[in-house]
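Structure, as C-alpha cells:
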Number of protein chains: 2
Amino acid sequence: MATMQDVARLARVSVSTVSYALTGARPISQATRDKVLAAMAELDYQPNAMARGLASRRSRILGLLLPMDERGLGATETAFVTGAAAAASAAGYHLVLSPIGVGDLDQLRRLASQRMLDGALLMEVQLHDPRVDVLRELGVPLVLIGRTADTTGLSYVDIDFDQTVRAAVGHLVDLGHHRIVYVNHSADTLAEGYGPALRTRDAFTAAMAGHGLEPLMIPAEDSAAGGRTALATALRRVPDLTAILAMNESAVFGLLGELAARGRSVPDDVSVVSMVTSPQVAELATPALTAMNSPGSALGRIAIETLLRHVDVGDAQINQQLLPCALEVRGSSGPPRTEGTTTEAARRRAATRRRA
Amino acid sequence: MATMQDVARLARVSVSTVSYALTGARPISQATRDKVLAAMAELDYQPNAMARGLASRRSRILGLLLPMDERGLGATETAFVTGAAAAASAAGYHLVLSPIGVGDLDQLRRLASQRMLDGALLMEVQLHDPRVDVLRELGVPLVLIGRTADTTGLSYVDIDFDQTVRAAVGHLVDLGHHRIVYVNHSADTLAEGYGPALRTRDAFTAAMAGHGLEPLMIPAEDSAAGGRTALATALRRVPDLTAILAMNESAVFGLLGELAARGRSVPDDVSVVSMVTSPQVAELATPALTAMNSPGSALGRIAIETLLRHVDVGDAQINQQLLPCALEVRGSSGPPRTEGTTTEAARRRAATRRRA
DNA sequence: CCGCTCAGTCGAAGCGTTTCGACTAACCGC
DNA sequence: GCGGTTAGTCGAAACGCTTCGACTGAGCGG
C-alpha cells in the first residue's frame with residue numbers, strides 16, 4: 001500500500017506538496033500538480049483514512065442514525081438512505097448507517113466521543129429526543145429528519161404533513177366524500193410524541209374543518225391486525241363512512257383485507273388513500289393504492305447538503321425545510337357510490353385538481 | 001476532550017502503561033490498573049478512534065455491504081442487520097452499513113483501500129460476485145451472506161434452502177397436495193445467477209421428485225403485478241393446482257390479490273406457503289401466510305463471529321454454515337378441497353410433522 | 001548466592017497524514 | 001531599483017495512539 005512518502009519520492013517533491021496537491025489547501029502549480037497526480041496514478045495511491053482523520057481532526061464520516069425495529073425499512077426510508085448516501089459520496093464523505101435507537105444512548109455517546117463522526121443525521125426523531133442533547137453536548141453537527149418539539153437552533157428536513165394531509169383530504173372531498181376517517185399510528189405512538197402522528201392528526205382536523213366536515217381519527221397498531229381492528233372501530237363509529245385516509249403503512253393492508261372480508265369493495269364502497277407511501281408499496285395492494293408519494297431521495301440529498309454546510313463552517317445558517325408529498329391517484333380512490341348523479345362532476349373536479 | 005496523556009498524568013504513570021491497561025496487550029498490576037481506570041472515569045476519557053486506528057492499523061470498523069434497491073429492506077434483512085450490529089458492538093467493533101451495490105465497485109475499492117474496513121460482510125451475494133475479488137485482492141477479510149458458485153477458501157453463512165424447500169413441500173404433501181407450483185424470482189434474476197433463486201429451484205425439483213410429483217416452477221417479477229401474472233400463468237399451465245409455494249415476497253401479495261379476484265379462496269381452494277419470510281410480513285396478508293421463518297438475527301450473529309475470527313487471526317479456519325428456516329403454519333395453508341374424506345387425516349399428519 | 005526468568009513499567013519510535021512558519025522568486029506600483 | 005505582495009514549495013512539528021526494546025526487582029532452582 002503506497003503512502004504519501006512514496007508518491008512524493010516518485011514525483012520528486014516534498015510530502016507537504018503532495019498533500020496540497022491532493023486537498024487544494026494551498027496553491028500548487030499546474031506542472032507540479034500533474035507530476036503528483038501521475039505519481040499517484042502510477043502507485044495506485046489511496047490516502048489512509050485513519051492518518052488523514054487523525055491529522056485533520058475530520059473523519060470524513062457522517063452518521064445516519066436510524067433505529068431499526070422489527071418492521072424493517074420501507075421503500076420510503078430506503079429511498080431516503082440511498083439519496084443521502086449518494087449525496088455524501090459525491091462530496092467525498094462516507095455515510096455510515098448505524099442502527100442506533102433512542103435506547104442506545106451510551107452507544108451513541110461512545111461513537112460520537114471517539115471522534116468517529118463529523119456529523120449526524122437523525123431519523124425517526126421524537127418530539128423530545130435525547131439523542132439530540134447527547135450530540136449537541138459533544139459538539140457533533142446534526143440535522144434532523146423530522147422535528148423535535150423545540151427546534152430553535154436546529155436544522156431539519158421533514159415532510160410537510162400539513163400540506164400533504166390537505167391535499168389528500170382535498171382529493172377525497174373533490175371526489176364527493178364527506179364521511180372521511182383518518183387511521184393514524186397507534187395510541188402509544190401518539191402518546192410517545194411521535195411527530196408525524198401528531199402533526200397529521202392536527203392537520204387532518206384543520207383540513208376537515210376547512211371543508212366544514214367533522215374529523216374522526218382512529219389510532220391503529222402498526223400491523224395488519226391493527227388495521228382490521230381500526231376498520232371495525234371506524235365502521236362502528238361512522239357506519240356510513242365512504243373514505244379512509246391512512247397514515248399507517250402496515251395497518252393499511254389489514255384494513256383492505258378486512259374491507260374485502262366484509263364485502264365492501266374498494267373504491268366503490270370505500271375509497272382508501274394512503275399517506276407517505278412509496279410507489280412500490282402502493283402497488284402491492286389490490287387495488288393499487290392512491291397515495292401521497294414521499295419525497296424520500298430528495299429529502300436525503302437536502303439533509304446531507306445541509307449537514308455538510310454545518311460541518312464545513314461551524315456556525316452555518318440553520319436550515320429548516322419542509323417538502324410535501326405528491327398525490328398519486330391509483331385504483332383505491334373514486335367517487336362515493338351514494339353520490340349517484342354527481343359522480344361524473346366529481347370525477348372531473350378531481351382530475352382538474354390533480355393536474356394543478 | 002481528554003487524551004491518553006491527560007490520563008497518564010493524572011494517574012501518575014506513563015502513556016504506554018495507560019495503553020496497556022486499556023488494551024491488555026501486556027500485564028499490568030491490579031493497583032496500577034485501578035489507578036488508570038479511575039483517572040479515565042474522572043476525565044470521561046474515550047480513546048480517539050482515528051489515532052488508535054492509525055497506530056494499530058486496525059479501524060475496528062466492519063462493513064456490511066448491502067445493496068439497497070428500491071424495494072427497501074424487509075424484516076428478514078433487518079433482523080439480520082440488527083443481529084450483526086449487536087454482535088459487533090459486543091466485541092467492541094462498529095458495524096457500518098454501506099449501501100454499496102455490485103455496480104459500485106470503484107466506491108468499494110476506495111473504501112477498502114483507504115484502510116477503513118477491518119473486514120466486510122457481503123449481502124445479496126451473486127454466484128459470480130465481483131465484490132469478492134476486489135476485497136480479496138485488497139486483503140480485506142470477508143464473510144458472505146449467501147454463496148458464490150465457487151466457495152473454496154471463503155467463509156459464508158447462508159440459509160439452507162434445500163432443507164427449507166423440502167420442509168415446505170413436505171408440509172403441503174402432508175396436507176394432501178399433489179399439484180404444487182413454485183413461484184420463484186424473475187427470469188432475469190435467475191439468469192443473473194442469483195443464488196437463492198437457483199438453489200430453491202433445484203431444491204424444489206428434487207423435493208417434488210422425492211414425493212413422486214412433477215415440479216413446475218414459474219418465475220415472477222418482484223412486484224404485485226408480477227405475482228398476478230404468475231398466477232395466471234400457473235392456472236393456465238396447471239388448471240387443477242391446489243397449492244403454491246412462493247419465494248418471491250413481493251409477488252405473493254399480487255398473487256393473493258389475483259386469487260381473491262378470481263374467486264378462489266385461500267386456503268380452501270388454494271394453499272399458499274411463503275418462503276424465507278418474516279412473521280411481520282406474513283401477518284400482513286389476509287389470511288396470514290403460512291411461511292418458512294428466516295433465521296435472520298442468528299445469521300447475523302454467526303456471520304460477525306466468523307468475520308471477527310478472520311480479522312483476529314489472518315489464517316482462521318474457513319467456516320461454511322447453513323441455517324434452515326422453520327415452518328410456521330398460519331392461515332394460508334390447509335388440506336385441498338378435493339381430498340374430501342382424507343381431510344381429517346391429512347390435517348392430523350401435518351400437525352404431527354409440525355411439532356417434530 | 002548466582003544467573004535466570006518474568007511481571008510490571010517506562011521512554012521513544014513510529015503510524016501517514018495535515019498544517020504552520022519560513023523561504024525563494026517573480027512581479028507589482030511607483 | 002525598492003519595499004511589499006503573492007504564488008509555489010519545503011521541512012518539521014503536530015495529531016493521539018500502539019508497540020518495541022530496555023530496565024528494574026522479585027522469585028527461584030540449583
Side-chain angles (χ1 to χ4, degrees), chain A residues 1-37 39-40 43-61 92 94 110 112-118 311-312, chain B residues 1-37 39-40 43-61 92 94 110 112-118 311-312:
Chain A
M1 202 112 299
T3 75
M4 222 163 195
Q5 285 272 10
D6 303 328
V7 175
R9 206 161 17 235
L10 184 61
R12 314 189 147 280
V13 296
S14 75
V15 186
S16 48
T17 302
V18 175
S19 175
Y20 292 132
L22 190 66
T23 63
R26 281 194 190 180
I28 291 287
S29 74
Q30 192 57 47
T32 309
R33 187 195 311 280
D34 290 346
K35 270 196 303 183
V36 171
L37 293 181
M40 286 185 177
L43 295 174
D44 206 11
Y45 169 77
Q46 283 292 119
N48 179 304
M50 296 293 138
R52 185 176 252 225
L54 177 57
S56 66
R57 270 151 295 256
R58 286 279 192 84
S59 64
R60 304 192 144 256
I61 297 178
H94 294 286
R110 213 172 318 132
S113 51
Q114 288 184 154
R115 308 272 91 187
M116 181 142 260
L117 261 37
D118 284 354
V311 169
D312 288 340
Chain B
M1 202 109 304
T3 76
M4 221 164 196
Q5 285 272 11
D6 303 328
V7 175
R9 207 162 16 236
L10 183 61
R12 312 189 147 281
V13 296
S14 75
V15 185
S16 48
T17 301
V18 176
S19 175
Y20 293 131
L22 190 67
T23 63
R26 280 193 191 182
I28 291 288
S29 74
Q30 192 57 48
T32 310
R33 188 195 311 281
D34 290 347
K35 270 195 305 186
V36 170
L37 293 180
M40 285 184 177
L43 295 174
D44 207 10
Y45 170 76
Q46 283 292 120
N48 179 304
M50 296 293 138
R52 187 178 252 228
L54 176 58
S56 66
R57 272 151 292 251
R58 286 280 192 82
S59 65
R60 304 196 143 254
I61 297 178
H94 296 287
R110 214 173 316 134
S113 50
Q114 289 184 151
R115 307 274 94 188
M116 183 143 258
L117 261 37
D118 284 354
V311 170
D312 288 339

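Sequence lines set the chain letters: A, B, ... in the order given, protein chains first and strands last, and positions in each chain run from 1.
Among the heavy atoms of the strands lying under 4.0 Å from B:Ile28 are primed sugar atoms or P, OP1, OP2 only; no base atom is included. Using a 4.0 Å heavy-atom cutoff across all strands shown, B:Arg57 reaches sugar-phosphate atoms only and no base atom.
The nearest whole Å value for the distance from the CZ atom in A:Arg26 to the P atom in C:dT19 is 10 Å. Put simply, CZ on A:Arg58 is 18 Å from C1' on D:dG16, counting in whole angstrom units. Rounding to whole angstrom units, NZ of residue A:Lys35 and P of D:dG8 are separated by 13 Å. Atom pair A:Arg9:CZ and C:dG16:P shows a separation of 12 Å (rounding to whole Å applied). With rounding to whole Å, B:Arg115 atom CZ is found 12 Å from C:dT17 atom P. Per the geometry, CD belonging to B:Gln30 stands 10 Å off P belonging to C:dG8, to the nearest Å. Spacing between atom CE of A:Met50 and atom C1' of D:dG16 amounts to 13 Å, rounded to whole angstrom units.
Close to C:dT18, at under 4.0 Å from its OP1 or OP2, lies a side-chain N or O of A:Arg52. Checking the phosphate oxygens (OP1, OP2) of D:dG16, no side-chain nitrogen or oxygen of B:Thr3 falls inside 4.0 Å. For C:dT9, the OP1/OP2 oxygens have a side-chain nitrogen or oxygen of B:Thr32 closer than 4.0 Å. Note on B:Ser14: every side-chain N or O is 4.0 Å or more away from OP1 and OP2 of C:dT9. Regarding contacts with the backbone of C:dT17, every side-chain N or O of A:Tyr20 stays at 4.0 angstrom or more from both OP1 and OP2.
Residue B:Thr23 has its side chain nearest to D:dT18 when only D:dC10, D:dT18, D:dC15 are considered. With D:dG16, C:dT9, C:dT17 as the candidates, the nucleotide lying closest to the side chain of A:Met4 is C:dT17. For A:Ser19, taking side-chain heavy atoms from C-beta onward, the closest of the listed nucleotides C:dC10, C:dT18, D:dC15 is C:dT18.
Scanning atom types as modelled, one donor and one acceptor separated by under 3.5 angstrom connect the side chain of B:Ser16 and the base of C:dG11. Side chain B:Ser29 to base C:dG8: no donor-acceptor pair is found below 3.5 Å.
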Evaluation steps, side chain to side chain contact (heavy atoms under 4.5 Å, CB included), between A:Leu43 and A:Val7: CA-CA 7 Å; A:Leu43 295 174; A:Val7 175; 3.9 Å; yes
Derivation and outcome, side chain to side chain contact (heavy atoms under 4.5 Å, CB included), residues B:Thr17 and B:Arg26: CA-CA 9 Å; B:Thr17 301; B:Arg26 280 193 191 182; over 6 Å; no
Evaluation steps, side chain to side chain contact (heavy atoms under 4.5 Å, CB included), between B:Gln46 and A:Arg115: CA-CA 9 Å; B:Gln46 283 292 120; A:Arg115 308 272 91 187; over 6 Å; no
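Residue B:Val13 is the one, among B:Ala55 and B:Val13, whose nearest nucleotide of DNA chain C lies closer to the 5' end (criterion: closest heavy atom). Between A:Gln46 and B:Ala31, the residue anchored closer to the 5' end of DNA chain C is B:Ala31, taking for each the nucleotide with the nearest heavy atom. Take the nearest nucleotide of DNA chain D for A:Leu54 and for B:Val15: the residue whose nucleotide is more 5' is A:Leu54.
The two atoms that bring A:His94 and B:Met116 nearest to each other are CD2-SD, 3.6 Å, heavy atoms only.
If you check the side chains of A:Ser19 and A:Ser16, you find no donor sitting under 3.5 Å from an acceptor.
Counting only distance, with no hydrogens or angles, the side chain of B:Asp118 and the backbone of B:Ser59 share a donor-acceptor pair below 3.5 Å.
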